[in-house]
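Computed from a prediction, not measured in an experiment: that's the story for all the values here. Side-chain atoms are counted along with the backbone in the values below, which use heavy atoms only and exclude waters and symmetry mates.
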Amino acid sequence: MKLIEDANKQALARILEGEPRLIDIVTARDVLEGLKERMILHAGPPITWDRMCGPMRGAVAGAIVFEGWAPDLEAAFELAAGGGVAFHPNHHFGAVGPMTGMTTVSMPVFVVENVKYGNRAYCAINEGLGKVMRFGGNDDSVLARLAWLRDVFGPVLARSIRAHGGIDLKAIIARGLSMGDEMHQRNLACSSVFLREIGSALARTSNDNEVLASCIGFIAQNDQFFLNIAMAMGKALTDPANGIRGSTVVTAMCRNGTDFGVRVSGLGDRWFTAPVEMPEGLYFPGYSRKDANPDMGDSAIVETVGLGGFAMAAAPAVAGFIGAGAPSSAGNFTRAMSEITVGQNPEWTIPALDFAGVPTGIDVRLVVETGLAPVINTGIAHREPGIGQVGAGVVRAPMACFRQAVLAIAEDLGVS
């Protein structure tokens with residue numbers, strides 16, 4: 001249908017033409033319009049407390065204590081269960097968040113501006129490794145790290161980003177792909193390139209060597225630091241492609257540990273949801289599938305722009321780490337995802353595939369026609385609150401979301 005083909009070309013062009021720049025770090029309340037006290041933004045499509053999974057509830061309780069809305073975790077659980085906190089998806093506020101995706105008023109967020117279209121997107125700072133809120137952690141060590149990110153690290157890095165004049169993110173992604181990253185489970189190269197880019201500005205804008213050393217060390221020791229920047233970048237790239245009538249290109253994929261949600265360009269902000277799948281992967285010593293929670297996080301926004309599982313060929317080491325097969329099989333994932341996308345990104349190429357561009361622009365029609373669901377690289381959280389990450393793996397988006405979207409597009413266009 002020509003209307004659909006033309007609309008998809010336009011949607012793909014908007015994604016590819018975007019010019020994302022990291023321009024600042026600011027407090028969430030200052031940029032997320034409508035975000036208020038006793039309001040928590042979460043990953044995935046809309047969900048209520050009674051349907052939240054264990055790690056999501058654990059993160060919510062931790063966020064409540066962090067903001068000072070309750071004195072301890074027990075009181076925090078009671079406040080949330082009693083309706084004392086409002087819950088909304090990050091996506092409804094122009095933001096994204098990994099795993100549980102907690103965003104509250106006092107948390108610092110990266111600001112990524114799409115210079116081409118003038119829109120901005122936001123994501124909280126990556127907490128690092130170990131027990132963290134994004135995986136449902138909520139003890140004193142988790143809250144202390146969040147406070148350090150808010151009070152020390154955030155302001156230091158913000159000054160350096162502004163002094164540097166912002167950072168071109170497309171260029172860092174391109175280099176990362178050539179150095180073994182796929183930008184979801186592996187961000188080592190991009191995190192290193194980012195530190196190299198911002199290092200001199202960090203030094204120039206800091207007047208405390210101990211603080212400077214702690215901030216540099218935090219980035220250097222966190223292989224996943226760049227993930228949250230890449231997520232905000234993905235959101236900034238896809239938002240301008242939303243709302244093109246007739247387009248069957250996916251503009252958001254996300255999950256909250258209970259439901260998986262998809263948005264399609266031609267249908268605007270409408271969510272198509274289905275029960276989320278359980279990841280297949282490798283577990284840390286002492287844990288197994290019986291400990292795992294179903295998939296969660298807004299981080300699938302990176303697959304939406306052709307990275308993560310769609311760029312697995314660039315990161316063969318990831319395939320073994322997440323239990324997706326031998327490193328030599330990594331290219332098979334990227335080739336398969338090329339069958340459900342409307343184009344490639346000529347600026348983000350993969351050396352192992354003769355510098356072919358990453359497959360970009362998931363078409364819900366092609367997903368349904370081929371039976372190939374989008375593949376997403378992911379971390380695995382423990383199903384109980386407060387424990388944290390127990391593994392990493394691969395998950396498929398539920399086919400039901402895409403079938404619903406195809407039917408809705410047909411209805412909207414009057415096609416039987």
Side-chain angles (χ1 to χ4, degrees), residues 25 27-29 37-44 49 52-81 85 87 90 95-110 123-157 187 191 214-215 217-225 227-228 231 256-257 284 286-287 291-293 296-299 378-392:
I25 295 173
T27 303
R29 64 158 59 90
E37 293 285 332
R38 297 208 174 190
M39 182 182 291
I40 294 178
L41 309 187
H42 59 78
W49 171 262
M52 286 184 185
C53 63
M56 183 71 78
R57 289 187 175 194
V60 164
I64 288 172
V65 175
F66 175 72
E67 291 294 350
W69 302 334
D72 53 45
L73 292 174
E74 182 178 357
F77 278 110
E78 291 178 0
L79 180 67
V85 177
F87 300 109
N90 281 304
V96 282
M99 299 304 291
T100 60
M102 297 292 101
T103 308
T104 54
V105 288
S106 73
M107 291 182 181
V109 293
F110 289 115
C123 188
I125 299 171
N126 190 283
E127 303 163 80
L129 307 177
K131 186 174 285 190
V132 289
M133 186 171 286
R134 70 178 184 273
F135 281 100
N138 54 21
D139 65 15
D140 289 344
S141 68
V142 172
L143 303 187
R145 188 182 308 187
L146 288 173
W148 180 79
L149 291 174
R150 178 193 63 201
D151 301 333
V152 179
F153 181 81
V156 168
L157 188 56
N187 280 277
S191 297
S214 67
C215 292
F218 178 74
I219 299 173
Q221 295 164 21
N222 180 6
D223 292 351
Q224 284 290 77
F225 180 80
L227 170 62
N228 294 39
M231 289 175 58
N256 55 34
F284 300 159
Y287 297 102
D291 301 304
N293 196 80
M296 62 172 56
D298 291 329
S299 54
T378 187
I380 303 175
H382 197 285
R383 59 187 177 84
E384 298 295 336
I387 297 177
Q389 185 175 10
V390 296

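With contacts defined as side-chain heavy-atom distances shorter than 4.5 Å, the pair N222/L129 qualifies. At least one side-chain heavy atom of C53 sits under 4.5 Å from a side-chain heavy atom of M296. Here the side chains of R150 and T27 are not in contact, with every heavy-atom distance at 4.5 Å or above. Between H382 and F135 there is no side-chain heavy-atom pair separated by less than 4.5 Å. Side-chain atoms of I40 and I64, non-hydrogen and from C-beta on, do get closer than 4.5 Å to each other. A 4.5 Å side-chain heavy-atom check between M102 and M56 finds at least one atom pair inside the cut-off. Between R29 and E37 there is a side-chain heavy-atom pair separated by less than 4.5 Å. Side-chain contact between F225 and I125 is present, with at least one heavy-atom pair separated by less than 4.5 Å.
The shortest heavy-atom contact between M99 and T378 is SD-OG1, 4.4 Å. Of all heavy-atom pairs between V60 and A80, the closest is CG1-CB, 4.1 Å. Considering all non-hydrogen atoms of both residues, A43 and G97 come closest at CB-O, 3.9 Å. A28 and T103 get closest at one heavy-atom pair: CB-CG2, 4.2 Å. Between H42 and D298, the shortest heavy-atom distance links the atoms O-OD2, 4.1 Å. Residues D151 and P155 come closest through the heavy atom pair O-CG, 3.7 Å.
Here the straight-line distance linking atom CD1 of I387 with atom CG of N138 works out to 10.0 Å at 0.5 Å rounding. Between F284 atom CZ and I380 atom CD1 the span is 8.5 Å, to the nearest 0.5 Å. Here Q221 contributes atom CD and S191 contributes atom OG; the two are 12.5 Å apart, rounded to the nearest 0.5 Å. Rounded to the nearest 0.5 Å, atoms CG (L146) and CE (M107) are 5.5 Å apart.
Applying the ring pair (Phe, Tyr, Trp, His ring centres under 6.0 Å) test to F218 and every residue at least two apart in sequence or in another chain returns W148, F153. Considering only residues two or more places apart in sequence or on other chains, W49 meets the ring pair (Phe, Tyr, Trp, His ring centres under 6.0 Å) condition with none of them. Not a single salt bridge (Lys or Arg N to Asp or Glu O under 4.0 Å) links E384 to another residue, sequence neighbours left out.
Under the 3.5 Å distance criterion, the side-chain polar atoms of R145 are matched with a main-chain donor or acceptor of E127.
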